[in-house]
Amino acid sequence: MLDALVDPVRRQIVGELYAARQDLACGTIDLPVSKSTATHHFHVLREAGLIRQYYVGTSRMNALRRDEIDEVFPGLLDALVARHGRE
């Protein structure tokens with residue numbers, strides 16, 4: 001899980017999902033990478049257990065697994081988002 005958060009693009013995705021407090025479609029998160037690279041980053045986050053993905057029509061939605069992460073790593077998301085905001 002922590003290995004997935006090393007990359008700044010993945011930290012940006014987690015930060016935006018955290019700030020939105022709702023599920024977001026992949027295309028609504030403005031990333032500085034190509035679509036195929038963004039797909040890779042979402043895959044890494046999903047495999048690490050940080051996000052859950054599901055479809056609504058043709059949109060792939062992303063949900064931050066906030067409760068599960070906070071249970072295992074209390075304060076991790078808060079610290080990550082606070083740090084990301086200062087970068």
Hey, does D30 have a side-chain heavy atom less than 4.5 Å from the side chain of E16?
-> no
For R10 and D3, which heavy atoms make the closest approach, and how far apart are they?
-> NH2-O, 4.3 Å
What are the two closest heavy atoms between P32 and Q12, and how far apart are they?
-> CD-OE1, 3.6 Å
Side-chain (N62) to main-chain (Q53) donor-acceptor, under 3.5 angstrom | no
Spatial distance of atom CD1 (I13) from atom CG (L45) [nearest 0.5 Å] | 5.5 Å
Examine R60 relative to Y54 and say whether NZ or CZ is less than 6.0 Å from the centre of the six-membered ring and inside a 45° cone about the ring axis.
-> no
To the nearest 0.5 Å, what is the distance between CG (L24) and CE (M61)?
-> 6.5 Å
With a distance cut-off below 6.0 Å to the six-membered ring centre and an angular limit of 45° from the axis, does R46 pair with F42 as a cation-pi contact?
-> no
Side chains of T37 and S34: do they bring a donor and an acceptor to under 3.5 Å?
-> yes
Are the side chains of L64 and L77 in touch, meaning some heavy atoms are under 4.5 Å apart?
-> yes
Should R52 and E68 count as side-chain neighbours, where that means a heavy-atom distance under 4.5 Å?
-> no
Given the rule that I, L, V, M, F, W and Y join up when any side-chain heavy atoms are under 4.5 Å apart, are V9 and L80 in one cluster?
-> yes
Interatomic distance, T28 atom OG1 to Q22 atom CD [nearest 0.5 angstrom] | 8.5 Å
Mind listing the closest non-hydrogen atom pair of A63 and D23 along with its distance?
-> CB-OD1, 3.2 Å
ILVMFWY network linking Y18 to V44, side-chain heavy atoms under 4.5 angstrom = no
Does any non-hydrogen side-chain atom of D70 lie less than 4.5 Å from one of L76?
-> no
Path from M1 to V6 over hydrophobic side-chain contacts below 4.5 Å = no
A38 and V33: which non-hydrogen atoms are nearest, and at how many Å?
-> N-CG2, 3.8 Å
Shortest non-hydrogen separation from R66 to L17 and the atoms involved = NH2-O, 3.9 Å
For the atom pair NE2 (H41) and CD1 (I51), what is the distance rounded to the nearest 0.5 Å?
-> 12.0 Å
